[in-house]
4 protein chains.
Amino acid sequence: MPRPPGHGPGYEVKRQEIIDLAADLFARKGYAATSITELGDAADLAKGALYYYIGSKENLLVEIQSRVLTPLLSAARRIQALDEHPVLKLRLLSETLLELILRRTDHIWVYEHDYRHLTGDNLTRLLRQRKQFEKIVRSLLTDAMDCGAFRRMDPRLTMLQFLNLHNHTYQWVRPSGPWDARFLSREYCATLFAGFRTADYDVSGLEDELGAFRERYQDWTAMVPAAHA
Amino acid sequence: MPRPPGHGPGYEVKRQEIIDLAADLFARKGYAATSITELGDAADLAKGALYYYIGSKENLLVEIQSRVLTPLLSAARRIQALDEHPVLKLRLLSETLLELILRRTDHIWVYEHDYRHLTGDNLTRLLRQRKQFEKIVRSLLTDAMDCGAFRRMDPRLTMLQFLNLHNHTYQWVRPSGPWDARFLSREYCATLFAGFRTADYDVSGLEDELGAFRERYQDWTAMVPAAHA
Amino acid sequence: MPRPPGHGPGYEVKRQEIIDLAADLFARKGYAATSITELGDAADLAKGALYYYIGSKENLLVEIQSRVLTPLLSAARRIQALDEHPVLKLRLLSETLLELILRRTDHIWVYEHDYRHLTGDNLTRLLRQRKQFEKIVRSLLTDAMDCGAFRRMDPRLTMLQFLNLHNHTYQWVRPSGPWDARFLSREYCATLFAGFRTADYDVSGLEDELGAFRERYQDWTAMVPAAHA
Amino acid sequence: MPRPPGHGPGYEVKRQEIIDLAADLFARKGYAATSITELGDAADLAKGALYYYIGSKENLLVEIQSRVLTPLLSAARRIQALDEHPVLKLRLLSETLLELILRRTDHIWVYEHDYRHLTGDNLTRLLRQRKQFEKIVRSLLTDAMDCGAFRRMDPRLTMLQFLNLHNHTYQWVRPSGPWDARFLSREYCATLFAGFRTADYDVSGLEDELGAFRERYQDWTAMVPAAHA
DNA sequence: AATGAATGAGCATTCATTCAT
DNA sequence: GATGAATGAATGCTCATTCAT
């Protein structure tokens, strides 16, 4: 979404590269402690040229947040719209979320830490989108309660447990580590769903159902890759 | 641990008050984005006087980290040393951890976000202490596996699940909110232990055992209150 | 009017000296084209120390405008309150205005040129005060019409002629030049009042009346010298 | 006076349009506070293209000053060369000057405020031309004194009064306001000439003489319209 | 004729810290 | 114990200008 009019063909490409660099720096040093000069050094670009691409420092933060929330929200909506069992949908959402966390750990780091440096409308919009995502998670969990799979629990606390377990992963995960998104999702969901389920609901078939689902919808991915990624 | 020598009786008291203010500011705005001037305003102290108490900005960060890790580590060690069932000990640790998170949410916020601004020995020491805490959690979990209560799982991943679920709580919890540490601990442990347990192990008696434990050791608390708190 | 609390005894003195320097620089180069670095050089003060005194660049502009308008408005009000003939009052106001223009030519230069760089409330307040001054001039002129000394003319245009002739003086006047405020006022008023008077009103006695007034109120000055001047 | 060689037919037209835009911007925001980027936005031209037309920012200032001084000087010379009564010539010059001020208020604003940002020869040339104009005004005034119409007064101060009254008009005048150049000139000259005249000289016939002059030289205008206007 | 991209110096302002008093 | 005053480097950002295409 380029702002100033009249940019050449390479503009957007370079712009995205700069945002990549910014995400890496912000993740490692924190948004407030990263200077535009450092970013210029990393991009090998004088400050003037840098600003030609970025507009402002906060703008970079907006873009990074957007790179997290846009695919996350659209994936959540696609999953919610599926005609599948709620618990399977939660399993799909879990894996999608972990994919994002593993693939874009630096972005998640910024997303979790530095959203408070957004101001005005940028902050308002972000908080609204976060709430929307949480609402979808909560509705999937209440669906699972309504169909008898999960116990009656406080929907908000159940959602928070789900998100606590997933979101905090960014703090220690390494993409080069031993565990991938599929594995972590299976483990996390095994834990959560064992705790959430009713005595009547048998969770042991879930992974098979997931396999069958993948069979049916080959190459299904919840997350639509962003243009630049 | 006051550094400069030769201080009067009120020195340490005022020093701790300043750290309180710093924790609040750092939690709300981030360490890097909080200026010493702001802290001076909050403390109603000129900058010269402020430095008389704090030594340096990083020093404040060290103190805040220490206020989290010192009671946490000592509590974890006291729990580990108890002659009780490993699962009960995990339940006690969970509640202790959540007590700290709820009572000192601002400190936890700084602890989770800004430890990366520590430098040199301060950082090394912090990371060492964090590892020690994680090691204790891991050993309690392997104890629970060894005694047949929990399934054989990767000890590190099990610990990370335990900590993910607990630690991320600082992001949304409000001390004035509807849930206290005891309630959250019961819920979290219900979820985790249902997922971790073997088919043979019955988790339903845990809360009663906890009650009995508290009966035996009246007024037992894992966490030794810090001098200033 | 010092803003931040807790300043030493020399603070205000130095502050006023810096505003003096700023007025000189702004007058010679223009507000927008004068950099804070230049001011720091002139004041022999590092930028940090400079800001300790000035708060912001715009603040300097506010102070300079205030140094013009505060004495001007109070002088105009004191003159308006006199129980004298309106034409004599105009003659007194003329001389007072020219005294200010001659004594503080640099301030007037900034006042005339750079008020547009004020923003928000600062601008609003300035424009309000300017209007108040103009209103006093206009009322003195209509008083002179009402008592038959001046022809019936458009009050606003008459005021604008009065102010055009006086205010533009800053553009060419030199304090070291051949003419002082008293002389210029006599000349300007001779021109204006000859043009404004009715056939019946004889303007030739005015300077004698002024002498008599000065005899009566010895050491009378319309302008109360500012504390720092 | 286009500088770079080899330009197409539309070059000069567009160049003049850009100077128009610049005059408007400089008048409203001040020369130093107006950026070339803003001008580019206003002209809907990228910066490269802009520089193709303008050469440099200072060049624009030169052109604007020239647009004021060139017609003003030539008008003053044409008036001076007329075989008419000096007071009538002053009346003609007054109206011409006010016509320029009213028609090109933005240019006058820049002319009065920002000439000091000219450097080197540009500044020298401007000051020389200003002096030339002032000399013509002064000589018309001494002519009026020599023929007995005006009292003997300091020629320079008389000229400065004449110019003060006229020039300061730019500060408040609106082309859409109630007064046109002819009216303002009549009022200003009524004021000035009543103050300047000898007891023997009757100023009341001046406007009739002006009418007769206009009758004789139909469509006479002192100001030759600039090519682009 | 016109553009998009780049530069490097400069801008106003804030920073953590020091220190004589 | 505490202050007011000072520093100098760094902050995010804008500037007039250039130039290959």
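All chains are named by letter (A, B, ...) in the order of the sequence lines, taking the proteins before the strands, and each is independently numbered beginning at 1.
For the pair A33(A) and P9(C), both in contact range of DNA chain F, the more 5′-proximal nearest nucleotide belongs to P9(C). Nearer the 5' end of DNA chain E, as judged by each residue's closest nucleotide, is the contact made by G10(A), out of G10(A) and I36(C). Mapped onto DNA chain E by nearest heavy atom, L45(A) and S56(C) fall at different nucleotides, with L45(A) at the one closer to the 5' end.
For the OP1/OP2 pair of dG1(F) and a distance below 4.0 Å, the side-chain nitrogens and oxygens of Y52(B) include no atom meeting the criterion. Taking 4.0 angstrom as the limit, S35(C) places a side-chain polar atom (N or O) nearer than this to OP1 or OP2 of dC11(E).
Atom CD in E12(B) sits roughly 12 Å away from atom P in dG1(F) (whole-Å rounding). Between the C1' atom of dA2(E) and the CG atom of D44(D) lies a distance of 12 Å, rounded to the nearest Å. Between D41(D) atom CG and dG4(E) atom P the separation is 12 Å, expressed in whole Å. When the P atom of dC15(E) is taken as reference, atom NZ of K57(B) falls 9 Å away, rounded to whole Å. Straight-line distance from the NZ atom of K47(A) to the C1' atom of dC11(E): 10 Å, rounded to whole Å. Between the C1' atom of dT11(F) and the CG atom of L50(A) lies a distance of 14 Å, rounded to the nearest Å. Atom pair N59(D):CG and dA16(F):C1' shows a separation of 13 Å (rounding to whole Å applied). The CZ-P distance, from R15(A) to dA6(E), rounds to 14 Å in whole Å.
Both the sub-6.0 Å distance and the 45° axial angle are not jointly satisfied by K14(B) relative to the ring of Y52(B).
Under the Watson-Crick and G-U wobble criteria, each requiring two contacts below 3.5 Å, nucleotide dT18(E) is paired to dA5(F). The partner of dT14(F) is dA9(E), judged by Watson-Crick or G-U wobble contacts that both fall below 3.5 Å.
Of the candidates dA5(F), dT14(E), dA6(E), the closest approach to any side-chain atom of Y53(A) belongs to dA6(E).
Taking all atoms of both residues into account, the shortest heavy-atom contact from F26(B) to D114(B) is O-OD2, 4.2 Å. When every heavy atom of L50(B) is checked against every heavy atom of A43(B), the shortest pair comes out as CD1-CB, 4.2 Å.
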(request) For the pair H113(C) and R116(D), evaluate side-chain contact (heavy atoms from CB on, under 4.5 Å) and give the outcome as yes or no after the intermediate values. (result) CA-CA 12 Å; H113(C) 277 52; R116(D) 288 174 321 177; 4.3 Å; yes

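By the 4.0 Å N-to-carboxylate-O rule, R67(B) lies close enough to D20(B) to be salt-bridged with it.
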